[in-house]
Participant: 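Sharing a structure below in structure tokens format, with a few things to ask.
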Amino acid sequence: MKVTIQPSRVSGELNAPPSKSWAQRALFLSLLAEGESEITNLPDADDVQASLEAIEAFGAEVSMEIGSITVKGGDVKTPEDVINLRGSGTGARIAIGIGTLVPRGTGSVITGNASLRRRPMTPVIETFRALGADVRSLRNGLLPVVSFGGLPGGIAEVDGSVTSQHVTSALIAGTKSENGVSIRSPNLVSRGYVALTVEVMEKFGASVSCNESFTECSVQPSHLKPVELEIPGDYALAAFPMALALTTKGSITVKGLPFPSEGPGDHKILDYLKAFGAKVNYYSGSVEVRMDERPKAVRLNLRDEPDLALPLIAVAALAEGESVFRGLSHLAYKESNRIEQIINTLKCFGVSAKYDAGSIRVWGTVSLKPCVITCPDDHRVAMMASILGAHIGARIDNAECVRKSWPEYWDVLKRIGVRILEQ
Ligand SMILES: O=C(O)C1=C[C@@H](OP(=O)(O)O)[C@@H](O)[C@H](O)C1
Ligand SMILES: C=C(OP(=O)(O)O)C(=O)O
């Protein structure tokens, strides 16, 4: 599918899409909880569907009702076949850990699509090996990965500068380890996602804790109770329509977002948009964003919120002056090498930018040019291009790549006033 976007101004309101990170954690924990969990507002994002299929393969009994799903969990069974997590890094890394919980003497194989098969699995493999499990890559640190049953537990120390998902995986599987799990991750990035893991695990009654910087976490063997929960809205995805308010001098209200806490996490988008000069208000689950003037340049460290880099850098392309975004080295290990893709996308729109030692510098301009670009199988790159496209015009090929996180993205944009033609 190709979408052609014409210069537009956004206005109106939308519901935030449900969080895929929340949903995937809830699904894998429902597999481990003894009894029936009921989950509402589950996103139909491809990553979540892939995780749902994975928990079924590990023995969860899933039934769909109107507007909710029920997951009956308990024992983790040996899958009959290889499990394919498609493009989901979160799903694959959690599933590698779950694979150590199948009966001893059996195992499971996790693989993914071409994009996921390029992403590093070494941190999660090293973590589980340090915890006494037998987990091996069949391809030099990449997928496919085989996990054999048996997770004694103990202490793992694994560098956290590439991803945080090995910590999430160790904590979730650690609930069913023999002796509990402690994990130390010096240089940990994306700390808001470990905070999210702890938050969701606590809802299932897990005995889990971390230090303030999330570099040391531990979990005791825990009896997980089934839950009833509603998946909350996703700030990292909602950040794109919010950013559109800044690049089109519009206004937008996004509903269904949780109260922004003090700690790291994607809710920080509210502060970051304010730094550009936007008027931002949170009131009772809704965020209003309005922009009447040209954004000012910003200096931000996005080490803990890597997914916000794409919408924020799109805004910086139009800002007055030079913006600097630090803490971005781990963007190289996402669905695409996002460092390269961000620079290429900016260049396509006629914006100068440079990457050096973990930082991207962007020289904002008022003279953007329309761009024709193909989504490199990375949803957030297409969404980033749409934000600049709504300012100056763009054509995005392979636009269906947004399915990974937000299949209705293009329809939602149309509803808030972005002029889009689909071919
Ligand atoms: O755990 C999660 O749900 C995620 C963690 C982050 O990845 P890294 O920890 O690999 O940076 C984030 O970029 C990804 O979109 C979702
Ligand atoms: C990197 C992402 O997700 P994951 O790591 O789960 O594939 C993402 O959604 O941007």
Side-chain angles (χ1 to χ4, degrees), residues 17-29 43 45-51 54 85-97 110 112-124 127 143 158-172 185 187-201 214 217 231-232 234-237 239-240 264-266 268 302-311 327-339 341-342 358 375-384 401-407 409:
S19 160
K20 74 178 172 77
S21 290
W22 236 99
Q24 287 176 286
R25 286 159 173 77
L27 288 175
F28 281 104
L29 286 158
D46 196 57
D47 280 9
V48 177
Q49 296 309 314
S51 288
L85 268 300
R86 308 208 277 270
S88 176
T90 309
R93 289 162 177 152
I94 298 176
I96 287 170
I110 303 299
N113 65 17
S115 148
L116 191 59
R117 291 197 308 271
R118 285 191 292 269
R119 296 175 64 185
M121 296 295 144
T122 311
V124 71
T127 299
L143 294 176
V158 176
D159 178 72
S161 61
V162 166
T163 174
S164 65
Q165 291 172 352
H166 59 296
V167 180
T168 290
S169 184
L171 293 177
I172 292 177
S185 274
N187 311 316
L188 185 67
V189 293
S190 304
R191 293 178 305 158
Y193 288 95
V194 177
L196 178 63
T197 303
V198 172
E199 183 187 334
V200 184
M201 286 179 71
F214 297 96
C217 294
I231 307 297
D234 186 323
Y235 272 101
L237 290 171
F240 289 96
D266 292 327
K268 289 272 176 235
L302 300 180
R303 191 182 155 85
D304 288 326
E305 298 92 19
D307 297 352
L308 297 184
L310 295 95
L328 301 184
S329 52
H330 55 308
L331 262 65
Y333 312 112
K334 305 292 181 189
E335 289 86 327
S336 66
N337 178 338
R338 286 188 181 155
I339 296 168
Q341 291 300 334
I342 287 172
C375 173
D377 280 331
D378 188 335
H379 53 145
R380 292 189 210 269
V381 174
M383 292 178 192
M384 174 183 174
C401 67
V402 298
R403 272 191 208 139
K404 184 177 194 276
S405 58
W406 194 356
Y409 183 68

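Both counts, for ligands and for their atoms, begin at 1 and track the order of listing.
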Participant: When you compare the side chains of Arg191 and Ser164, does any donor N or O come within less than 3.5 Å of an acceptor on the partner?
Facilitator: no
Participant: Test of understanding: with side-chain hydrogen bond (donor to acceptor under 3.5 Å, both in side chains), list the residues that count as partners of Arg303, not counting sequence neighbours.
Facilitator: none
Participant: Among all protein heavy atoms in this structure, tell me which lies nearest to atom 4 (P) of ligand 2, with the distance rounded to 0.1 Å.
Facilitator: Gly89 N, 3.5 Å
Participant: Provide the number and element of each atom of ligand 2 under 4.0 Å from a heavy atom of Lys334.
Facilitator: 1 (C)
Participant: Does some side-chain heavy atom of Gln341 sit less than 4.5 Å from a side-chain heavy atom of Glu335?
Facilitator: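 No, side chains not in contact.
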Participant: Between CG of Leu302 and OG of Ser190, what distance do you get to the nearest 0.5 Å?
Facilitator: 10.5 Å
Participant: Rounded to the nearest 0.5 Å, how far apart are CD1 of Ile110 and CZ of Arg93?
Facilitator: 13.0 Å
Participant: Tell me the protein heavy atom at minimum distance from atom 8 (C) of ligand 2, and give that distance in Å.
Facilitator: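 Nearest neighbour among protein heavy atoms for atom 8 (C) of ligand 2, to 0.1 Å: Glu335 OE2, 3.1 Å.
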Participant: What residues form a side-chain hydrogen bond (donor to acceptor under 3.5 Å, both in side chains) with Asp266, not counting sequence neighbours?
Facilitator: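 Residues passing side-chain hydrogen bond (donor to acceptor under 3.5 Å, both in side chains) with Asp266: Tyr193.
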Participant: Let me confirm one number: the CG-CE distance from Leu171 to Met201, rounded to the nearest 0.5 Å.
Facilitator: 5.5 Å
Participant: Testing the basics here: between Pro43 and Ser19, what is the closest heavy-atom pair and its distance to 0.1 Å?
Facilitator: CG-O, 4.0 Å
Participant: Heavy-atom contact under 4.0 Å between Ser405 and ligand 2?
Facilitator: no
Participant: Hey, does Gln165 come in under 3.5 Å of ligand 2, counting only N/O atoms on both sides?
Facilitator: yes
Participant: Suppose I only count heavy atoms of Gly87 and a 4.0 Å limit; which atoms of ligand 2 are within that range?
Facilitator: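 Answer for ligand 2: 7 (O).
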Participant: Could you walk me through whether Arg403 and His379 pass the side-chain contact (heavy atoms from CB on, under 4.5 Å) test, one step at a time?
Facilitator: CA-CA 7 Å; Arg403 272 191 208 139; His379 53 145; over 6 Å; no
Participant: Against heavy atoms of Asp307, which atoms of ligand 2 measure under 4.0 Å?
Facilitator: 10 (O)
Participant: Which protein non-hydrogen atom lies closest to atom 3 (O) of ligand 2, naming both residue and atom, and how far is it?
Facilitator: Lys20 NZ, 3.1 Å
Participant: To the nearest 0.5 angstrom, please state how far the CD1 atom of Ile94 sits from the OG1 atom of Thr197.
Facilitator: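 It is 7.0 Å, given to the nearest 0.5 Å.
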Participant: Taking heavy atoms and a distance under 4.0 Å, where does Arg93 meet ligand 2: side chain, backbone, both or neither?
Facilitator: neither
Participant: Quick one: side-chain hydrogen bond (donor to acceptor under 3.5 Å, both in side chains) partners of Ser88, sequence neighbours excluded?
Facilitator: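 Ser88 satisfies side-chain hydrogen bond (donor to acceptor under 3.5 Å, both in side chains) with Gln24 only.
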Participant: So which protein residues pack against ligand 1 under 4.0 Å, heavy atoms counted?
Facilitator: Ser21, Arg25, Thr90, Thr163, Ser164, Gln165, Ser190, Tyr193, Pro306, Asp307, His330, Lys334, Arg380
Participant: Looking only at heavy atoms, is any part of Thr90 under 4.0 Å from ligand 2, and if so is it the side chain, the backbone, or both, or is it neither?
Facilitator: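 Thr90 to ligand 2: contacts from backbone and side chain alike.
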Participant: Would you check if Ser169 and Thr127 make a side-chain contact, meaning some heavy-atom pair closer than 4.5 Å?
Facilitator: no
Participant: In terms of residue, atom name and distance, what is the protein heavy atom nearest to atom 5 (O) of ligand 2?
Facilitator: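 I find the closest protein heavy atom is Arg119 NH2, 2.7 Å.
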Participant: Which of the numbered atoms in ligand 2 are below 4.0 angstrom from a heavy atom of His379?
Facilitator: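 Near His379, meaning under 4.0 Å from one of its heavy atoms, ligand 2 has 8 (C), 9 (O), 10 (O).
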Participant: Which part of Arg380 is near ligand 2, with near meaning a heavy atom under 4.0 Å away: side chain, backbone, both or neither?
Facilitator: side chain
Participant: Counting only N and O atoms by type, is there a donor-acceptor contact under 3.5 Å from the side chain of Ser185 to the main-chain atoms of Val158?
Facilitator: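 Such a contact is found between Ser185 side chain and Val158 backbone.
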Participant: Closer than 4.0 Å to some heavy atom of Ser88 - which atoms of ligand 2 meet that?
Facilitator: 7 (O)
Participant: Quick test of your reading of the model: are Asp234 and Lys20 salt-bridged, counting only N-O distances below 4.0 Å?
Facilitator: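 A salt bridge is absent here (no side-chain N lies under 4.0 Å from a carboxylate O).
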Participant: Go through ligand 2 atom by atom and flag the ones less than 4.0 Å from a non-hydrogen atom of Arg338.
Facilitator: 8 (C), 10 (O)
Participant: Is there a heavy atom in His330 that sits closer than 4.0 Å to ligand 2?
Facilitator: no
